[in-house]
Amino acid sequence: MGTGKNLFHLFCKRSQGALFLPQFLFPAGIGIHAVRESRRMLSVTDLMPTSTNSADSSPTADTGMSRGHYRRMSSFNREFPDIPVLQFDSKGDKLDPDKPKLRIRTLTWNIAGHQPKEDLTDVLGLAPERESTPDGSASSSADIVNEGKPEADLIAIGFQELSASPAAPVMESVIMSEIWTTTLKKRMSSQDYVLLQSIRLQGIVLFVFSKSRHLKYVRYMDTAYLRLGASGWWGNKGAVGISFEIYDVTLCFVNSHLSPHDHAFKDRVKNHRQILRDMVFVGGRTDTSCILEHDYAVWLGDFNFRIEGISQDKTLHYIESQKWPQLLKHDQLHRAAFVEGAFSTFQEGKIEFPPTYKFVTGTSIYDTRNPAKIRRPSYCDRILWRTRTDARKAALIEYTSHMNHQISDHKPVTAVLEIALGSEQEQYVVFDPIDRWFVGQHGYFRYSAKPGTFYSAWDWIGLYKASYTSFDEYVTYVWSPGASEENLGCINGRYVLKPGRYLLVYFSSEHKCGIGFSEIFEIVSA
């Protein structure tokens, strides 16, 4: 079936004029765009124990898994052979070196209600913070960018459990969110990153930062969230998403926290289906209202899928021996993919790091202190991605955990992707060059709009310091003066108070982001 079709036709079964969608993915039967068919499907033998007499395949009291469990892992493939399953151990696509690409770094971390007390340089992939020498100059050690690795163009950061308890007061999550937001913006601004957008659902929060040079190519910003706790009434479990267009391609990030505990496998699969079905972006482009309609989608979070079917001692033995493939045979996400079709058409990089949960907080030691409440070390924290068609290509550069961080019982996980881009877009709004303004005097500016640009009475022009870290840090603003192709505007001199380097940003209410950026100019003392 061609990639120009959509999943609506791919999944449909017709009977006597009635139209049905299999319940494994879209119980509500929504139409979505085409998926790639060229995914390599893992053989069921990849998931089978090496020996039927192995202790790994024996029934266990806590999971009830039998020796034939992994032999049933191909049931989804047999029922829907044309639909690619989640592809594990993927390196992604090979990108054309002569075509433009965007480097994206993603981070997922269940922080268990803790404040930022550690250096985040490694998980954010940043250059070391500059250290001043006695003469005021920067030390040369800051010239190394994260051990020689290029910095990302976009950084998506997903946290779970801003408050450690589901019953914690809502204000606790609000306060923790502000603490982490302030910390991240301060650290990121030193490397020329601006907070593009963020969204929080109780303890689940998602940030997207961008290098400032890319901001003028962003369009149609939108956010969405979905509560999954307490049958959809509480947001301690759920998902948040950010959708936008950049360089003529559409991009979506999703951060989710799924149902916990070993026995809740079916609930996690159900959570995944609910997010795909019910998370809708209503304020952006009309053709990217759901996750799978984007050219690129990155899904990260605490999925809570556990290691099952083996004892805790056997799990620890595999970890100490670094036998990751043997351990992953017992990973619930593999079972979810091959039996339930969960995360169909997504990909995950090869896991060559230890399970990221559950540790004694403040250490890198797995928590085995309570035999009555066994929690085998598990790969709860994951990062997946997908491309909508074969024309959109993404390559995985890195997929790893960071075991040196100890503020939580989870370890952070990061992935670096490179995606192929479309063409550079022309700015909707272009400001004339500004020579300089004077403190205490009105500042005049002129801008022109691309023909066909949609104007709204809610559009505004903000004055920003050149060191701004997010769009809400304007010094002052004025409403857009009109809808003509050339416009004059003025910033009242009473708000022009301090000398320094500034710029103007035209903020569109339709796109929910800046669509015009002036060059940086000086405000000087009169």
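All heavy atoms count here, side chains included; hydrogens, waters and symmetry mates do not. Count residues from 1 along the sequence. Here the structure is a predicted model, which means the values were calculated and not measured.
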Discussion item. Let me confirm one number: the CG-CZ distance from Asp262 to Arg376, rounded to the nearest 0.5 Å.
Written reply: 5.0 Å

Worksheet item: Within 45 degrees of the axis of the six-membered ring of Phe359 and under 6.0 Å from its centre: does Lys411 put its NZ or CZ there?
Response: yes

Discussion item. Checking Asp192 against Ser212: is there a side-chain donor and acceptor pair closer than 3.5 Å?
Written reply: yes

Discussion item. Measuring only between side-chain heavy atoms, which start at C-beta, is Thr181 closer than 4.5 Å to Phe207?
Written reply: yes

Discussion item. Is it the case that the side chains of Asp381 and Thr108 hold a donor-acceptor pair, with the cut-off being a distance below 3.5 Å and no angle test?
Written reply: no

Worksheet item: Under 3.5 Å, side chain of His330 to main-chain N/O of Ile307, donor-acceptor pair present?
Response: no

Worksheet item: Would you say the side-chain atoms of Asp409 and Tyr357 include a donor-acceptor pair closer than 3.5 Å?
Response: no

Worksheet entry | Gln202 CD to Leu162 CG distance, which is reported to the nearest 0.5 Å | 10.5 Å

Response to the item:
Those residues at least two apart in sequence (or on a different chain) that pass side-chain contact (heavy atoms from CB on, under 4.5 Å) with Asp313 are Ser311

Practice prompt. Apply the test salt bridge (Lys or Arg N to Asp or Glu O under 4.0 Å) to residues Arg285 and Glu245: give CA-CA distance (whole Å), side-chain angles for both, the deciding distance (0.1 Å), then the verdict.
Written response: CA-CA 9 Å; Arg285 288 173 44 147; Glu245 175 187 311; 2.6 Å; yes

Discussion item. Tell me whether Gln427 contacts the main-chain N or O of Phe517 through its side chain, where contact means a donor paired with an acceptor under 3.5 Å.
Written reply: yes

Worksheet item: To the nearest 0.5 Å, what is the distance between OG (Ser467) and CZ (Arg501)?
Response: 9.0 Å

Practice prompt. Mind jotting down which residue pairs meet the side chain to side chain donor-acceptor pair (under 3.5 Å) criterion with at least one end in residues 513-526? Sequence neighbours excluded, please.
Written response: none

Worksheet item: Do Glu178 and Thr182 meet the criterion of a side-chain donor-acceptor pair at a distance under 3.5 Å?
Response: no

Fill in: Criterion side chain to side chain donor-acceptor pair (under 3.5 Å) on Asp459 and Tyr506, from CA distance to verdict
CA-CA 7 Å; Asp459 292 355; Tyr506 187 103; 2.9 Å; yes

Response to the item:
side-chain contact (heavy atoms from CB on, under 4.5 Å) filter on Asp96, not counting sequence neighbours, yields Asp98, Lys99

Worksheet, complete the sentence: Hits for salt bridge (Lys or Arg N to Asp or Glu O under 4.0 Å) against Glu348, two or more places apart or cross-chain, chain-then-number order -> Arg382

Discussion item. For the residue pair His257 / Asn236, report whether a side-chain donor-acceptor contact shorter than 3.5 Å exists.
Written reply: no

Item to complete: For Thr223, check side-chain hydrogen bond (donor to acceptor under 3.5 Å, both in side chains) against everything at least two apart and list the hits.
Response: none

Discussion item. For Thr368 and Arg375, which I'm curious about, is there any donor-acceptor pair between the side chains at under 3.5 Å?
Written reply: no

Fill in: Test item: Tyr366 side-chain N/O and Pro355 main-chain N/O as donor-acceptor pair under 3.5 Å
yes

Fill in: Euclidean distance, Ser344 OG relative to Gln87 CD, rounded to 0.5 Å
11.5 Å

Worksheet item: Listed by chain and number, what are the side-chain contact (heavy atoms from CB on, under 4.5 Å) partners of Tyr477, not counting sequence neighbours?
Response: Trp460, Tyr474, Trp479

Worksheet item: Parallel, tilted or perpendicular: which describes the rings of Phe346 and Trp299, with under 30° parallel and over 60° perpendicular?
Response: perpendicular

Worksheet item: Can you find a pair of side-chain heavy atoms, one from Ile204 and one from Asp302, that are under 4.5 Å apart?
Response: no

Worksheet item: Would you say Leu107 and Leu124 make side-chain contact, with heavy atoms under 4.5 Å?
Response: yes

Response to the item:
Sequence neighbours excluded, the answer for side-chain contact (heavy atoms from CB on, under 4.5 Å) partners of Pro260 is Lys237, Asn304, Arg306

Worksheet item: Is the side chain of Ser190 donor-acceptor paired with the backbone N or O of Arg187 at a distance under 3.5 Å, no angle test?
Response: yes

Discussion item. Determine whether a donor-acceptor pair (N or O, by modelled atom type, separation under 3.5 Å) exists between the side chain of Asp93 and the backbone of Ala394.
Written reply: yes

Item to complete: For Thr315 and Pro377, indicate whether the former's side chain and the latter's backbone hold a donor-acceptor pair under 3.5 Å.
Response: no

Discussion item. Within the 4.5 Å heavy-atom criterion, are Tyr296 and Trp385 side-chain neighbours or not?
Written reply: no

Worksheet item: Any side-chain donor paired with an acceptor under 3.5 Å for Ser508 and Tyr428?
Response: no

Discussion item. Side chains of Ser259 and Arg268 only: does a donor on one sit below 3.5 Å from an acceptor on the other?
Written reply: no

Worksheet item: Can you name the ring-ring contact (aromatic ring centres under 6.0 Å, His included) partners of Phe445, sequence neighbours left out?
Response: none

Fill in: Donor-acceptor contact present, side-chain Ser210 to main-chain Leu196, <3.5 Å
no

Worksheet item: Going by distance alone, is a donor N or O of one side chain under 3.5 Å from an acceptor N or O of the other, for Ser163 and Ser173?
Response: yes

Worksheet item: Under the side chain to side chain contact (heavy atoms under 4.5 Å, CB included) criterion, do Phe253 and Phe244 qualify, and how do the steps go?
Response: CA-CA 9 Å; Phe253 294 99; Phe244 57 95; 4.0 Å; yes

Fill in: 4.5 Å side-chain heavy-atom contact, Lys512 and Glu510
no

Worksheet item: Is there a donor-acceptor pair under 3.5 Å between the side chain of His410 and the backbone N or O of Asn110?
Response: no

Discussion item. With rounding to the nearest 0.5 angstrom, report the CD to OG distance, Glu118 to Ser408.
Written reply: 9.5 Å

Fill in: Lys/Arg N to Asp/Glu carboxylate O, Lys465 vs Glu473, below 4.0 Å
no

Worksheet, complete the sentence: Rounded to the nearest 0.5 Å, the CD1 atom of Ile275 sits from the OG atom of Ser256 at a distance of 4.5 Å

Discussion item. My understanding is that only residues two or more places apart in sequence, or in another chain, count here; which of them pass side-chain hydrogen bond (donor to acceptor under 3.5 Å, both in side chains) with Glu418?
Written reply: Arg103

Worksheet item: Is the shortest heavy-atom distance from the side chain of Val439 to the side chain of Ile523 under 4.5 Å?
Response: yes

Discussion item. Which heavy atom of Phe521 sits nearest to which heavy atom of Leu503, and what is that distance?
Written reply: CE2-CA, 3.7 Å

Worksheet entry | Derivation of the side chain to side chain donor-acceptor pair (under 3.5 Å) call for Ser243 and Asp222 | CA-CA 5 Å; Ser243 163; Asp222 198 17; 6.0 Å; no

Item to complete: List in chain and number order the residues that pass side-chain hydrogen bond (donor to acceptor under 3.5 Å, both in side chains) with Tyr247, two or more places apart in sequence or in another chain; answer none if no residue qualifies.
Response: His214

Worksheet item: Any side-chain heavy atom of Val205 sitting closer than 4.5 Å to one from Ile199?
Response: no

Worksheet item: Under 30°, 30 to 60°, or over 60°: which ring-plane class applies to Phe471 and Phe507, parallel, tilted or perpendicular?
Response: perpendicular

Practice prompt. Give every residue pair that meets the salt bridge (Lys or Arg N to Asp or Glu O under 4.0 Å) criterion with at least one member in residues 197-216, sequence neighbours excluded.
Written response: Glu151-Lys211, Asp153-Arg213

Discussion item. With heavy-atom distances below 4.5 Å as the criterion, would you say the side chains of Cys290 and Met279 are in contact?
Written reply: no

Practice prompt. Specify whether His272 and Phe343 have parallel, tilted or perpendicular ring planes, treating 30° as the upper limit for parallel and 60° as the lower limit for perpendicular.
Written response: tilted

Worksheet, complete the sentence: Residue pairs meeting ring-ring contact (aromatic ring centres under 6.0 Å, His included), one or both in residues 175-205, sequence neighbours left out, come to Phe159-Trp180

Item to complete: Identify the heavy atoms of Leu463 and Tyr502 that sit nearest to each other, and give their distance.
Response: CD1-CB, 3.8 Å

